[in-house]
Amino acid sequence: MAIRDDFEVAASQVRQAVQRFALALLVVSAFAAMLIGKADTVLVENARVLALDLASPALEAIAQPVAVANRTIADLREFATLREENARLREENARLLSWQTAARRLENENDRLRELSQFHEGPEASFITSRIVGDSVSAYVRGALLNVGRKAGVASGQAVVTAEGLAGRIAEVGDNSARVLFVTDVNSRLPVQIERTRERAILAGDNSNLMRLTLAQTVQGVQRGDRIVTSGHGGSFPLGIPVGEVVQAGDGTSVKVRPFADFSRLEFVRVVDYGVTGLVGSGPPSATPLPPAGPRGR
């Protein structure tokens, strides 16, 4: 027990001596290292190289986790940047698709209106361009609903034309809408003539894609490809409005006519007032609201 106490006392005295002379020892050691470096540079260089060799593995072992951590942080930052960029690109793509859809719709409307502008009504005619907002196409009726009515100057009996020719006539009129009766409707009867032979006839619809030509005299002279135009008789429409083309003839009893107007893609039509009244436009316009038409479903 006494030996242990003596040892602790001696150790304590040594520590105190070292602490007391530590600064002096460090100064002496530094001075000695300088003297050795000046006296033997080769020895100092070898010692430095040996120290580097011994420290390199430890430094490399420490550097690898640091490099991995730096790469991980960089990847995370890049991933966050890519997510933000991806979100921005998705928003921009959605915006561009919306603009593309609007541009295509406007382009199609522009094409329809440009085609419609090619139809010439005549010097005394006035017209209103209208959009078709509803269809009345079924097994029993062929027609459409327009977004213009009496307030815009539309009246019963006025012609409804496309860029290709006559599509029908106004059958009913409301304040802000009007009902079109297509030439293919079973209730449509139109005085026409064969453009080539000038022979008069009546063109009747039958609720199909074709119309039936009923001649006053004979059907022998009708040929496939003959153009059918309005005759101007009956006080309905002026002479020469294109209506359709003969697609079936020669059997001696029936002549089928395909209308020039493509009813499957109608968007805009022109309501034309030729200033004539007669078979097509007899009677004042109805003051009652029009019944609703079904939505367009092309």
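To the nearest 0.5 Å, atom CZ of residue Arg265 and atom OG1 of residue Thr162 are 8.5 Å apart. We find the CD-CG distance between Glu91 and Asn93 to be 11.0 Å, quoted to the nearest 0.5 Å. Taken from OG in Ser156 to CZ in Arg169, the straight-line distance is 8.5 Å, to the nearest 0.5 Å. To the nearest 0.5 Å, the span separating CD1 on Ile202 from CG on Leu213 amounts to 9.0 Å.
Salt-bridge formation is not detected for the pair Arg88/Glu84: no Lys NZ or Arg NE/NH1/NH2 atom is positioned less than 4.0 Å from an Asp or Glu carboxylate oxygen. With respect to the salt-bridge test (charged N to carboxylate O, under 4.0 angstrom), the residues Asp206 and Lys256 qualify.
Between Arg258 and Val246, every side-chain heavy-atom pair lies at or beyond the 4.5 Å cut-off. Counting only heavy atoms from C-beta outward, the side chains of Glu164 and Pro242 never approach each other to under 4.5 Å. Taking the side chain as every heavy atom from C-beta outward, Arg224 and Gln248 never approach each other to under 4.5 Å. The shortest distance between side-chain heavy atoms of Val148 and Asn176 does not fall below 4.5 Å. Looking only at side-chain heavy atoms (C-beta outward), Val269 and Ile132 come within less than 4.5 Å of each other. Within the 4.5 Å cutoff, the side chain of Gln193 has heavy atoms near those of the Val229 side chain. With a 4.5 Å cut-off on side-chain heavy atoms, Leu266 and Phe182 count as touching. Side-chain contact between Leu146 and Val133 is absent, with no heavy atoms from C-beta onward closer than 4.5 Å.
If you chain together hydrophobic residues whose side chains sit under 4.5 Å apart, Phe260 and Val271 never meet in one group. When the side chains of ILVMFWY residues are joined at heavy-atom separations under 4.5 Å, either directly or via intervening members, Leu203 and Leu181 end up in two distinct hydrophobic clusters. Residues Leu210 and Val257 do not share a hydrophobic cluster, clusters being chains of Ile/Leu/Val/Met/Phe/Trp/Tyr side chains in contact below 4.5 Å. Cluster membership check: Ile128 shares its hydrophobic cluster with Phe237, using side-chain heavy-atom separations under 4.5 Å among Ile, Leu, Val, Met, Phe, Trp and Tyr. Linking ILVMFWY side-chain heavy atoms closer than 4.5 Å, directly or via other members, places Leu190 and Ile194 in a single hydrophobic cluster.
Minimum interatomic distance between Ala178 and Val154 (heavy atoms only, all atoms of both residues): CB-CG1, 4.0 Å. For the residue pair Leu239 and Ser231, the shortest heavy atom distance occurs at CD1-O, 3.5 Å. Minimum heavy-atom separation, His233 to Pro191: O-CG, 3.6 Å.
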- [ ] Report the C-alpha separation of Val180 and Leu145 in whole Å, then their side-chain angles, then the decisive distance to 0.1 Å, and conclude whether the side chain to side chain contact (heavy atoms under 4.5 Å, CB included) test is met.
- [x] CA-CA 6 Å; Val180 181; Leu145 185 67; over 6 Å; no
Open item on the list: Evaluate Val183 against Phe263 for side chain to side chain contact (heavy atoms under 4.5 Å, CB included), listing each step before the verdict.
Closed with: CA-CA 10 Å; Val183 293; Phe263 299 104; 4.0 Å; yes
TODO: Show the numbers, then the answer: is there a side chain to side chain contact (heavy atoms under 4.5 Å, CB included) between Val160 and Ile170?
DONE: CA-CA 7 Å; Val160 178; Ile170 299 296; 3.6 Å; yes
Task: From CA spacing to verdict: side chain to side chain contact (heavy atoms under 4.5 Å, CB included), Gln223, Arg196 - done: CA-CA 9 Å; Gln223 299 177 5; Arg196 180 178 56 85; 3.4 Å; yes
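Between the Arg150 side chain and the Val173 main chain, a donor and an acceptor come within less than 3.5 Å of each other. Between the side chain of Thr81 and the backbone N or O of Arg77, at least one donor-acceptor pair lies under 3.5 Å. The backbone N or O of Gly240 sits less than 3.5 Å from a side-chain atom of Thr230, completing a donor-acceptor pair. Using modelled atom types, one side-chain atom of Arg189 and one backbone atom of Val186 make a donor-acceptor pair closer than 3.5 Å.
Atom CZ of Arg83 has 12 or fewer neighbouring heavy atoms from other residues, nucleotides or ligands inside a 6.0 Å radius. Counting non-hydrogen atoms of other residues, nucleotides and ligands closer than 6.0 Å to CG of Asn209 gives a total of 12 or fewer. Sparse packing is recorded around CD of Glu78, with 12 or fewer heavy atoms of other residues, nucleotides or ligands lying under 6.0 Å away.
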